[in-house]
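What follows is one structure encoded as structure tokens, with my remarks underneath.
Here the structure is a predicted model, which is why all the values come from computation and not from measurement. Numbering of residues begins at 1 and proceeds along the displayed sequence.
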Amino acid sequence: QVQLVESGGGLMQAGGSLRLSCAASGRTFSNYAMGWFRQAPGKEREFVAAISWSGGSTTYVDSVQGRFTIFRDNAKNTGYLQMNSLNPEDTAVYYCAAVRRVGVKTREEDYDYWGQGTQVTVSS
């Protein structure tokens with residue numbers, strides 16, 4: 001199995017940037033597609049971004065397109081979410097997820113492994 005641990009969350013003013021990390025252990029992370037989801041208080045978890053196991057394909061929810069970038073360093077078994085131009089609507093607990101599948105996956109049910117989440121808070 002794969003264990004995922006998110007880090008890099010914190011408090012940031014609107015317009016600022018954060019980089020989230022998702023460290024994987026267990027099976028080789030390079031064989032897994034990876035995604036990021038987020039959940040704001042009182043809201044359902046929503047898809048944010050996904051990347052294929054090769055890193056060659058990515059997709060984003062419209063609300064973060066152009067502001068967030070998902071990438072990975074398979075040599076380090078780590079995935080990342082670079083978040084720029086943050087706004088208060090980005091405030092949520094961010095979760096990384098992985099699944100041993102080809103292509104990008106955008107649905108929560110597509111993923112088998114999940115991290116514990118990291119809090120991102122954006123102040124106005």
Q: Working to the nearest 0.5 Å, report the span between CG of L11 and CG of L86.
A: 10.5 Å
Q | Minimum heavy-atom distance between A24 and V2, given as atom pair plus value | A | CB-CG1, 4.1 Å
What side-chain donor-acceptor pairs closer than 3.5 Å can you find for residues 47-55, not counting sequence neighbours?
{"from": "S52", "atom 1": "OG", "to": "S54", "atom 2": "OG", "distance (Å)": "3.3"}
{"from": "S52", "atom 1": "OG", "to": "G55", "atom 2": "N", "distance (Å)": "3.4"}
{"from": "S52", "atom 1": "OG", "to": "G56", "atom 2": "N", "distance (Å)": "3.3"}
{"from": "S52", "atom 1": "OG", "to": "S57", "atom 2": "N", "distance (Å)": "3.1"}
{"from": "S54", "atom 1": "OG", "to": "G56", "atom 2": "N", "distance (Å)": "3.2"}

Q) Any idea which heavy atoms bring A14 and P88 closest together, and the distance? A) CB-CD, 4.2 Å
(Q) Please check: side-chain N/O of E6 versus main-chain N/O of Q116, any donor-acceptor pairing under 3.5 Å? (A) yes
(Q) Please report the interatomic distance OG(S63) to CD(E46), rounded to the nearest 0.5 Å. (A) 5.5 Å
Q. D90 and V122: which non-hydrogen atoms are nearest, and at how many Å?
A. CB-CG2, 4.3 Å
**Q.** Flag side-chain contact, heavy atom, 4.5 Å: M83 against T69
**A.** no
Q | Residue E109 excluded, over 12 heavy atoms near CD under 6.0 Å | A | yes
Q. Roughly how far, to the nearest 0.5 Å, is the CG atom of N84 from the CZ atom of R19?
A. 9.0 Å
Q. G79 and W36: which non-hydrogen atoms are nearest, and at how many Å?
A. O-CZ2, 4.2 Å
Q) Tell me, do I70 and Y60 make a side-chain contact under 4.5 Å, heavy atoms counted? A) yes
Q: Can you tell me which residue pairs pass the disulfide bond (SG atoms under 2.5 Å apart) test with a partner in residues 44-124, sequence neighbours excluded?
A: C22-C96
Q. How would you list all residue pairs meeting side-chain hydrogen bond (donor to acceptor under 3.5 Å, both in side chains) that involve residues 92-101, not counting sequence neighbours?
A. R38-Y94
Q | Short side-chain to backbone donor-acceptor contact, T91 and E89, under 3.5 Å | A | no
(Q) Surrounding CD of Q119 (heavy atoms of other residues, nucleotides or ligands, distance under 6.0 Å), is the total greater than 12? (A) yes
Q: Determine yes or no for a side-chain-to-main-chain donor-acceptor pair under 3.5 angstrom, with Y111 supplying the side chain and K105 the backbone.
A: yes
Q: Using the rule that two of Ile, Leu, Val, Met, Phe, Trp, Tyr join whenever any of their side-chain heavy atoms come within less than 4.5 Å, decide whether V104 and V99 are in one cluster.
A: no
Q | Spacing of CE belonging to M34 relative to OG1 belonging to T58, to within rounding of 0.5 Å | A | 11.0 Å
Q. Is the W114-F37 ring centre distance short of 6.0 angstrom?
A. yes
Q. How far does OG of S85 sit from CZ of R67, to the nearest 0.5 angstrom?
A. 7.0 Å
(Q) Contact between L20 and V120 at the side-chain level, heavy atoms closer than 4.5 Å - yes or no? (A) yes
Q) Would you call Q82 and F71 a side-chain contact if the rule is heavy atoms closer than 4.5 Å? A) yes
Q. Are V5 and V93 joined in one hydrophobic group, where the rule is that I, L, V, M, F, W and Y side chains link up if heavy atoms are under 4.5 Å apart?
A. no
